[in-house]
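Nothing here was measured: the structure is a model prediction, and the numbers come from that model. First the proteins, then the strands, lettered A, B, ... as listed; each starts at 1.
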Protein chains: 2
Amino acid sequence: MANQLDSFFAAMADPTRRAVIERLTDGPAPVSDLHAPHDIALPTFLKHLKKLEAAGLVRSEKAGRVRTVHIEAAPLKAAEDWLHRQRRAWEGRLDRLDALVRRMEQETRE
Amino acid sequence: MANQLDSFFAAMADPTRRAVIERLTDGPAPVSDLHAPHDIALPTFLKHLKKLEAAGLVRSEKAGRVRTVHIEAAPLKAAEDWLHRQRRAWEGRLDRLDALVRRMEQETRE
DNA sequence: GCATTACCTAGCCACATGGCTAACCAACTC
DNA sequence: GAGTTGGTTAGCCATGTGGCTAGGTAATGC
């Protein structure tokens, strides 16, 4: 397996990493800026970044001694679509069930 | 923390559990039916179900010796919304950036 | 009422994860 | 060129996760 969605959802399961994503929606930022609000050691934080990058949620380039990180929107869209499909399928089923119930009520009334 | 989203995304990070969710979109099913297509031991599978239930993605009731499992759509919606907000924020930023670039080009031409 | 079915509990194992410290390197700054 | 800054690597630790087997219990079927 090791699906695209596997690493995506795993990446999003951590609050630190979700906070980074939220932060990056208003623009690229260097590692130290991203790290600042989080009360954990830098190496620990770097592991989180690495996981985000591995999941393709984020890209980064190093210039001089600063590494700048940007968000990558495509995987967000992919996951959103997957969730949407499930929800649609589920709601579609409820609609069909509803119609069925209505039809049966109709028939018993005749 | 231990956010709602934490357990949700963690639950969705496993292909077996996603498959269960997909399956449940076409209606409730007993544990053994859900288990059948997966080539893992029942107790292992039960752990997956428990995690889905703990994340509020699924409910189940036992009647006689069979436990029937149904999907719970609300958390799907919540996560979908969260992802959507992030994507919107990101795209909004790109739009503003685009407008800014256009304005600057305009000004240099004058 | 004995056997089968459907699920559950307990307990084990290997590996992944999220945290840390220590030590390092390369690039700026003064 | 010495010191500071920004990031990186290595290695350790506790806990969590996903897998298993063995054994149990309560309904149902024959």
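Among residue pairs with one or both ends in residues 20-37 of chain B, none qualify as salt bridge (charged side-chain N to carboxylate O under 4.0 Å, His left out); sequence neighbours excluded. Residues in residues 55-70 of chain A take part in these salt bridge (charged side-chain N to carboxylate O under 4.0 Å, His left out) pairs, two or more places apart or across chains: A/Arg59-A/Glu61, A/Arg59-A/Glu72. For residues 74-86 of chain B, the set of pairs meeting the salt bridge (charged side-chain N to carboxylate O under 4.0 Å, His left out) definition, not counting sequence neighbours, comprises A/Arg87-B/Glu80, B/Lys77-B/Asp81. Residue pairs meeting the salt bridge (charged side-chain N to carboxylate O under 4.0 Å, His left out) criterion with at least one member in residues 45-58 of chain A, sequence neighbours excluded, do not occur. Identified under the ring-ring contact (aromatic ring centres under 6.0 Å, His included) test for residues 71-96 of chain B, with sequence neighbours left out: none. Sorted by first and then second residue, the ring-ring contact (aromatic ring centres under 6.0 Å, His included) pairs involving residues 38-79 of chain B (not counting sequence neighbours) are B/His35-B/Phe45, B/His38-B/Phe45.
Here the options are A/Leu76, A/Val20, A/Ile71, the test is side-chain contact (heavy atoms from CB on, under 4.5 Å), and the partner is A/Leu57; only A/Leu76 passes.
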Got a list of protein N/O to nucleotides 12-16 of chain C N/O distances below 3.5 Å?
none

Short N/O separations, protein against nucleotides 28-30 of chain D, under 3.5 angstrom:
{"residue": "D/dT28", "atom": "O4'", "partner": "B/Arg65", "partner atom": "NH2", "Å": "3.3"}

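With rounding to whole Å, B/Lys62 atom NZ is found 12 Å from C/dA6 atom P. In this structure, the CG atom of A/Asp14 is 18 Å from the P atom of D/dT15, given to the nearest Å.
For A/Leu46, taking side-chain heavy atoms from C-beta onward, the closest of the listed nucleotides C/dC8, D/dT9, D/dG18 is D/dT9.
Counting heavy atoms from C-beta on, the side chains of A/Leu24 and B/Gln86 never come closer than 4.5 Å.
Using a 4.0 Å cutoff on non-hydrogen atoms, the parts of residues 16-32 of chain B near DNA chain D are B/Arg17, ordered by number. Near DNA chain C, meaning a heavy atom under 4.0 Å away, the residues from residues 33-45 of chain B are B/Leu42, B/Pro43.
In this model, the phosphate group of D/dT9 is approached by a side-chain N or O of A/Lys50 to a distance below 4.0 Å at OP1 or OP2. Applying the 4.0 Å criterion to OP1 and OP2 of D/dT17, one finds that B/His48 has every side-chain N and O outside that range.
Summarising the geometry, atom CG belonging to B/Leu46 is positioned 5.0 Å from atom CG belonging to B/Leu42; distances are rounded to the nearest 0.5 Å. In this structure, CG on A/Leu94 lies 7.5 Å from CD on A/Glu91, to the nearest 0.5 angstrom. For the atom pair OG1 (A/Thr16) and CG (A/Leu34), the distance works out to 12.0 Å, reported to the nearest 0.5 Å.
For A/Ala41, the side-chain contact (heavy atoms from CB on, under 4.5 Å) test picks out A/Pro43, A/Thr44, with sequence neighbours left out.
Between the side chain of A/Arg17 and the backbone N or O of A/Met12 there is no donor-acceptor pair closer than 3.5 Å.
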